[in-house]
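Structure, as structure tokens:
In this chain, residues are counted from 1 in sequence order. Start at 1 and go down the list; that is how both ligands and their atoms are numbered.
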Amino acid sequence: MNNSLQDEIKQLKEEKNAIILAHNYQPKEIQDIADFLGDSLELCIKASEIEDKDLVVFCGVDFMAETAYIINPDKKIVIPDLEAECPMAHMLPEEELLKAKEEHPDAGVILYVNSIAEAKQHADTLCTSANALKITESLPHDKILFGPDTNLGRHVQEKTSKEIIPVPQGGHCYVHKLIHLEDVELKRKEYPNAIIICHPECNIEVQNACDEVLSTGGMLKFIAESDSTEFVIGTEIDMITRLNSEIPGKKLYPLLEGAICGTMKLHTLEKVRDALKNEKPMIEVPDDVAEKSLNAVKHMLDAS
Ligand code: 13P
Ligand code: SF4
């Protein structure tokens with residue numbers, strides 16, 4: 001543990017009246033210094049409750065920090081490493097969404113929060129993996145354009161009578177795509193008493209073979225409330241770091257050790273210190289895009 005660096009971060013945070021928000025996939029050193037840790041929905045909600053702060057250091061990927069900016073356009077939102085992008089969010093360019101809307105004028109549009117701000121401005125609402133079904137049911141439309149994650153879309157399709165139209169075809173998370181049905185079968189044999197949980201970004205056959213399909217925040221709640229003691233966790237590897245520090249006494253095994261989101265790991269204590277000190281790199285969304293995207297963000301927050 002790097003105490004002097006942690007002390008420096010603490011002092012800078014006070015001086016700058018800053019808050020550090022971090023996603024559940026952050027490495028342990030960042031989880032340890034975060035003021036708030038959560039899944040995408042919890043981070044959005046928290047970002048809407050920080051009126052008293054002047055500076056936000058967002059330890060997550062680009063779309064999460066952009067969403068915090070859309071909610072707080074007057075605040076300084078910095079991200080320790082600007083290269084921390086979510087490749088899935090970039091799989092749906094604005095033009096492709098506009099084309100799909102033209103082809104399906106009667107469909108409602110739900111975008112996964114893992115999307116770029118330019119696309120968000122054309123959505124009726126957003127969703128995260130924690131609220132996708134609830135948000136789908138909250139729209140009056142029978143047909144829903146849903147993207148960019150095809151697997152989350154299929155997860156919703158299995159639970160709703162509405163027609164889910166994926167946009168684009170095949171949008172995915174490369175990390176969750178690494179998890180295969182054979183991994184579930186192997187872990188069932190290895191840990192016959194464990195409950196196997198995966199994230200809805202996993203392929204649908206993996207989802208169907210697991211006992212529970214939950215967002216990262218949902219996993220934490222489920223395991224904390226469960227009487228079972230053994231769980232296999234099918235998502236990014238540092239989710240287990242969060243679970244171990246918050247729910248001691250459970251045996252947790254990764255469904256796939258190699259499920260690592262490389263860009264989430266770009267943030268380090270040194271970069272957090274520098275972001276606090278220099279108040280950059282800043283996340284900014286053009287004013288008109290931020291203004292238009294806010295409608296979809298607000299709809300999701302109200303419906304959650
Ligand atoms: P959660 O909202 O479940 O934390 O998921 C975010 C994400 O990017 C998963 O890959
Ligand atoms: Fe994006 Fe996948 Fe990383 Fe989540 S795990 S931030 S969806 S690349």
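Using modelled atom types and a 3.5 Å distance limit, the side chains of T216 and N24 yield a donor-acceptor pair. Counting only N and O atoms by type, the side chains of H199 and S129 include a donor and acceptor under 3.5 Å apart. Side-chain contact check for D62 and H90: at least one donor-acceptor pair (N or O, by modelled atom type) lies under 3.5 Å. For the residue pair E163 and Q157, no side-chain donor N or O sits within less than 3.5 Å of a side-chain acceptor on the partner. No hydrogens or angles considered: nothing links the side chains of S40 and Y112 as a donor-acceptor pair under 3.5 Å. Defined by atom type and a distance below 3.5 Å, a donor-acceptor pair is missing between the side-chain atoms of E201 and H172. Counting only N and O atoms by type, the side chains of H267 and Q26 include no donor and acceptor under 3.5 Å apart.
Remark: minimum distance from atom 2 (O) of ligand 1 to any protein heavy atom is reached at S40 OG, 2.8 Å. Looking only at heavy atoms of the protein, atom 10 (O) of ligand 1 is closest to E201 OE1, 2.7 Å. For atom 8 (O) of ligand 1, the nearest non-hydrogen atom of the protein is N114 ND2, 3.2 Å. Of the protein's non-hydrogen atoms, C173 SG, 2.3 Å is the one closest to atom 2 (Fe) of ligand 2. Regarding atom 5 (O) of ligand 1, its nearest protein heavy-atom neighbour is H199 NE2, 3.2 Å. Looking at atom 1 (Fe) of ligand 2, its nearest protein heavy atom turns out to be C86 SG, 2.4 Å.
For the ligand labelled ligand 2, residue E236 lies outside the 4.0 Å heavy-atom shell. Residue contact annotation: E236 has no non-hydrogen atom under 4.0 Å from ligand 1. Assignment of S129 to the shell around ligand 1 is supported, since a heavy atom sits closer than 4.0 Å.
Salt bridge status for K265 with D238: present, with a side-chain N to carboxylate O gap under 4.0 Å. A salt bridge links K187 to E190: one of the charged nitrogens lies within less than 4.0 Å of a carboxylate oxygen. Checked for salt-bridge contact, K28 and D32 meet the test: a charged N lies under 4.0 Å from a carboxylate O.
Of the N or O atoms in T216, one or more lie within a sub-3.5 Å distance of an N or O in ligand 1. Annotation: H23 places an N or O atom under 3.5 Å from an N or O atom of ligand 1; distance criterion only.
Between H176 and Y25, the angle of the ring planes lies from 30° to 60°, which puts this pair in the tilted group.
Atom 2 (Fe) of ligand 2 lies at 2.8 Å or more from every N, O or S atom belonging to C261.
Ligand-side atoms of ligand 1 in range of S215: 3 (O), range being under 4.0 angstrom from any heavy atom. For ligand 2 and V61, the ligand atoms under 4.0 Å from any heavy atom of the residue are 6 (S). When each atom of ligand 2 is checked for a heavy atom of P87 under 4.0 Å away, the hits are 8 (S). Near N114, the atoms of ligand 2 lying under 4.0 angstrom from a non-hydrogen atom of the residue are 7 (S).
Using a 4.0 Å cut-off between heavy atoms, T263 makes no contact with ligand 2 at all.
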